[in-house]
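As the structure is a prediction and not an experimental result, all values here were calculated from the model.
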Amino acid sequence: EKAVHMHVDMIEALLKKRKSQYRFALKQPNRGKISNGENGTAIETYIDAETGETKKNILNCPLAKIGDTLWVKEPWFPKVFHSCCMDACDCADIRVSYLVGNEQLYVSEWDIPENWSFPKGSFNANKGYLFSASMPKWASRIFLKVKNIRVEQLWEINEGDAIAEGVEPIIWKTGECRYPDYLARH
């Protein structure tokens with residue numbers, strides 16, 4: 001299982017079941033033509049600069065294989081959960097709050113590694129949550145099963161894939177459908 005970082009917009013789309021795809025950039029060693037291979041691999045075809053021969057590389061997805069599970073890191077805030085009763089106090093349990101949604105996760109001390117401590121220096125003062133990079137797996141609430149892997153050029157994305165990425169279309173009064181420019185906001 002590997003961790004993936006997602007922006008809050010992506011988390012919101014996942015929780016609202018608008019997002020069913022996850023994309024990331026694949027590094028090509030030879031900058032050749034890429035095509036899809038079998039079982040989630042990619043085939044890079046290129047011309048060797050020294051010999052002039054056409055060669056092929058099989059590229060495996062560095063993030064996961066089909067069937068793997070990815071866990072999502074997101075802005076979060078752990079808080080000690082006090083459940084004091086009579087003369088016993090169990091103050092090692094954690095209640096995790098998330099920036100997106102009103103959901104909280106109760107985590108028993110038995111599910112938290114003994115060496116875990118509150119992350120220092122990862123506090124986002126503007127929103128009151130910790131940065132996603134500091135989230136351990138036990139605090140994650142979103143786990144994704146990899147069902148398919150494919151390779152494509154960024155400009156090959158179609159409307160259906162954009163919607164599966166969680167992009168919400170904006171319908172203008174004229175009936176024209178447009179998509180927001182998410183890059184302009186960052």
Side-chain angles (χ1 to χ4, degrees), residues 1-46 48 55-78 94 96-101 103 105 107 111-113 115-116 119 121-122 124 127 129-169 179-186:
E1 293 184 348
K2 287 192 179 179
V4 292
H5 296 266
M6 288 196 182
H7 189 272
V8 293
D9 292 343
M10 296 169 93
I11 301 288
E12 185 176 359
L14 269 172
L15 294 175
K16 291 182 177 179
K17 306 212 183 300
R18 288 192 336 258
K19 182 172 180 59
S20 61
Q21 292 183 5
Y22 179 72
R23 294 169 186 264
F24 69 98
L26 175 68
K27 293 182 182 177
Q28 296 174 246
N30 300 296
R31 303 218 182 261
K33 181 179 175 170
I34 295 285
S35 60
N36 286 300
E38 295 179 13
N39 300 320
T41 62
I43 300 170
E44 178 188 40
T45 306
Y46 66 99
D48 188 301
K55 294 192 173 184
K56 292 186 179 193
N57 273 341
I58 295 179
L59 306 173
N60 293 309
C61 176
L63 187 62
K65 300 183 304 266
I66 294 173
D68 284 355
T69 301
L70 304 174
W71 58 278
V72 177
K73 288 188 166 203
E74 62 179 302
W76 67 301
F77 187 78
I94 301 287
V96 180
S97 298
Y98 303 95
L99 180 60
V100 179
E103 202 172 320
L105 177 70
V107 184
D111 296 323
I112 302 170
N115 62 349
W116 181 80
S122 64
N124 182 346
K127 306 240 190 237
Y129 287 83
L130 299 175
F131 291 115
S132 61
S134 69
M135 177 181 264
K137 183 178 174 183
W138 58 260
S140 181
R141 63 178 166 163
I142 302 173
F143 294 84
L144 307 170
K145 189 81 159 176
V146 177
K147 294 182 177 179
N148 189 16
I149 297 173
R150 71 174 188 256
V151 177
E152 63 187 8
Q153 299 292 335
L154 183 59
W155 56 82
E156 293 174 345
I157 191 169
N158 59 40
E159 185 175 356
D161 285 331
I163 292 168
E165 274 288 331
V167 176
E168 287 186 290
Y179 293 91
D181 185 357
Y182 287 101
L183 296 178
R185 295 190 305 164
H186 301 290

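- With rounding to the nearest 0.5 angstrom, the OH atom of Tyr98 is 6.5 Å from the OG atom of Ser140.
- Applying the salt bridge (Lys or Arg N to Asp or Glu O under 4.0 Å) test to Lys19 and every residue at least two apart in sequence or in another chain returns Glu165.
- Going from atom NZ of Lys73 over to atom CG of Leu130 covers 11.5 Å, rounded to the nearest 0.5 Å.
- By the side-chain contact (heavy atoms from CB on, under 4.5 Å) test, Ala133 pairs with His5, sequence neighbours left out.
- For Thr41, the side-chain contact (heavy atoms from CB on, under 4.5 Å) test picks out Ile58, Asn60, with sequence neighbours left out.
- To the nearest 0.5 Å, the span separating CD1 on Ile11 from CG on Leu99 amounts to 9.5 Å.
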Notebook entry, point to check: Checking side chain to side chain contact (heavy atoms under 4.5 Å, CB included) for the pair Ile142/Leu15: CA distance, chi angles, key distance, verdict?
Noted result: CA-CA 9 Å; Ile142 302 173; Leu15 294 175; 4.0 Å; yes
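- Applying the side-chain contact (heavy atoms from CB on, under 4.5 Å) criterion to Asp111, with sequence neighbours excluded, gives Val107, Ser108.
- Residue pairs meeting the salt bridge (charged side-chain N to carboxylate O under 4.0 Å, His left out) criterion with at least one partner in residues 136-151, sequence neighbours excluded, are Glu1-Lys137, Glu74-Arg141, Glu103-Arg141, Arg150-Glu152, Arg150-Asp161.
- For the pair Ile43 and Gly37, the tightest heavy-atom approach, listed with the atom from each and the gap, is CD1-CA, 3.9 Å.
- Once rounded to the nearest 0.5 Å, the distance linking CG of Leu59 with CG of Asn36 reads 11.0 Å.
- Within the 4.5 Å cutoff, the side chain of Met6 has no heavy atoms near those of the Ser132 side chain.
- A search for salt bridge (Lys or Arg N to Asp or Glu O under 4.0 Å) contacts involving Lys16 returns Glu12, not counting sequence neighbours.
- Rounding to the nearest 0.5 Å places CZ of Phe77 at 8.5 Å from OH of Tyr129.
- Residues passing the side chain to side chain donor-acceptor pair (under 3.5 Å) test with Lys2: none are found, sequence neighbours excluded.
- Remark: Thr69 pairs with no residue by the side chain to side chain donor-acceptor pair (under 3.5 Å) rule, at least two apart or across chains.
- Under the side-chain contact (heavy atoms from CB on, under 4.5 Å) criterion, Ala64 pairs with Asp68, Leu70, Val146, not counting sequence neighbours.
- Note: Trp76 CH2 to Ile94 CD1 = 8.0 Å, rounded to the nearest 0.5 Å.
- With sequence neighbours excluded, no residue forms a salt bridge (Lys or Arg N to Asp or Glu O under 4.0 Å) with Lys56.
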